[in-house]
Colleague: 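Quick one: the structure is below, questions incoming.
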Amino acid sequence: MANDTAGSIRVRFAPSPTGHPHVGNIRTALFNWLFARHGGGTFLLRIEDTDTARRVEGAVESITDGLQWLGLDWDEGPVFQSDRLPLYRDAADALIQRGAAYRCFCTPERLEQVREDKARQHLPPRYDGRCRDLDPAEVSSGITSGTPSVIRFKTPRHGETTFEDLIRGPVTFENATLNDYVLLKSDGYPTYHLANVVDDHDMRVTHIMRADEWISSTPLHVMLYSSFGWNPPQFAHLPMILGPDKAKLSKRHGATTVIEYREQGYLPEALFNFLALLGWSLDDKTELFNRNELVKAFTLERVGKTAAVFDRTKLDWMNGVYIRALDIEEFAHHAMPFLERDLPESVPRPIDRQYARRVLTLLQERTKVLSEVAELSTFFFEDAVSYPEQQLIQKGMDASKVQQVIRTVLAAVDGLEKWEAETLESSIRPICEQLGLSPRQVFGVLRVAVTGRTAAPPLFDTMEVLGRSHCLSRLTIAYRRMEDSWSAEIG
Ligand code: GLU
């Protein structure tokens, strides 16, 4: 591999397949990817699937789909930790040999008892170290009798562990506050800590960039590297992502998985840009960056220490900017699947592409997310429109005035050779003055009659795209509805 030379940057995205990747996971992937691409390094994908109880069906596909959708291509992998179990077992044995780990035969019941005792004494729920210094004979009899056991790290009881975080600077933990963490479980599967350290070493990872929440695991990892006699990679813990209420971003802030953003009609380029600014900035003001600009500009020095706030309004704005920048072909390409998916069932499928393209031309300016296009354009596709008839009656008008408007408009457009926005406008606009009404009143009547809405794309363009026969029949229907309301009023 071209980039795979000694000394060059190697980073990894190491998700656990315990669910669909959320925006926080993907922000981690993105920062690693940007860092690798910026430095001409290698980006690896490793699936940390050793927690068999928490594995979720379909999560791996969801991770790879999400990465692909955002264009976060990986150079190596995916490597699955579940394919590498012997490596971790050997590593755990090696630590026992070195006196850095020990076998623990405590039963789950005893461990529960220890937890309860500690809780009663208001102490942290740490293992009490009963098996730390078993004599070798006891250990071998435990093994030969087949007593279930785990392998634990022999965390030093005194002193402190310090590491240099590229974002936070020096970070120090008192060893006495740490546990004798389990490295290998009784089923022979490694815990996250062991597999993660063994793999980062084996895969020659140079920089670990991961979410803040892992920082408390790092002192153990640092001690593991040193017990193995390996040089640790560099660490960079990325700032947390908060919701607008400053609580950790979660389900109750709305969509959190990447899939949901795709389904709601965000463009990958827009989400990419938006996620890059969650914890990184070039100059605290530039907001819009394309992929190449981000690759060029991204450095760890500009990653912040303070938590980033996920601002949905900003994402919507940004998505709108990216949508408007598309040419109509691209916009149609992105929007068609949403029309197919979201237009009412009564609209025949497949949707007529030529016609849809003309409709979409009118919508592009006002679309923030693609999932809006069907709702914004239903009246273009359905045979009839429905609306409360009161909506036809504009301020300062009554039903008969509405009828007069419609009658005059029908007469004016009757002989039109070309049903085009310009000719429609030049035949209809003079009617305002003729009837002593404002354009707001006249166009308001027509807009409701033709679209069933009080807000829609520009009226004459809409009428052009909708076509002569739909417009005429909708105007006639509106006229009749006024008749009914009128006779109801006097009757
Ligand atoms: N498997 C961990 C996760 O799901 C990886 C943390 C790390 O990058 O070390 O986030």
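Ligands are counted one by one from 1 in listed order, and the atoms in each one are counted from 1 as well.
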Colleague: Checking Y266 against D316: is there a side-chain donor and acceptor pair closer than 3.5 Å?
Modeller: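 Yes, because at least one side-chain N or O of D316 sits under 3.5 Å from a partner of the opposite role on Y266.
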Colleague: If you measure only the distance, is there a donor-acceptor pair under 3.5 Å linking the side chains of T218 and H237?
Modeller: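 A donor-acceptor contact under 3.5 Å links the two side chains.
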Colleague: Would you mind listing which atoms of ligand 1 come within a distance below 4.0 Å of any non-hydrogen atom of S16?
Modeller: 1 (N), 2 (C), 3 (C), 4 (O)
Colleague: When you measure from atom 5 (C) of ligand 1 to every protein heavy atom, which one gives the shortest distance, and what is it?
Modeller: A14 O, 3.1 Å
Colleague: Taking the minimum heavy-atom distance to atom 1 (N) of ligand 1, which of R210, R12, E48, R46 ranks first?
Modeller: E48
Colleague: Would you say Q68 and D73 are linked by a side-chain donor-acceptor pair, where the criterion is simply a distance under 3.5 Å?
Modeller: no
Colleague: For W33, is the NZ or CZ atom of R291 found under 6.0 angstrom from the centre of its six-membered ring and inside 45 degrees of the ring axis?
Modeller: yes
Colleague: Show which atoms of ligand 1 fall inside a sub-4.0 Å distance from at least one heavy-atom site of N196.
Modeller: 7 (C), 9 (O)
Colleague: Using distance alone, with no hydrogens and no angle criterion, decide if N175 and T161 have a side-chain donor and acceptor under 3.5 Å apart.
Modeller: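 Yes, T161 and N175 have a side-chain donor paired with an acceptor closer than 3.5 Å.
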Colleague: Heavy-atom distances under 4.0 Å are what count here, so tell me which part of I208 touches ligand 1: side chain, backbone, both or neither.
Modeller: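 None of I208 does.
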Colleague: Measuring from the heavy atoms of M209, does anything fall under 4.0 Å of ligand 1?
Modeller: no
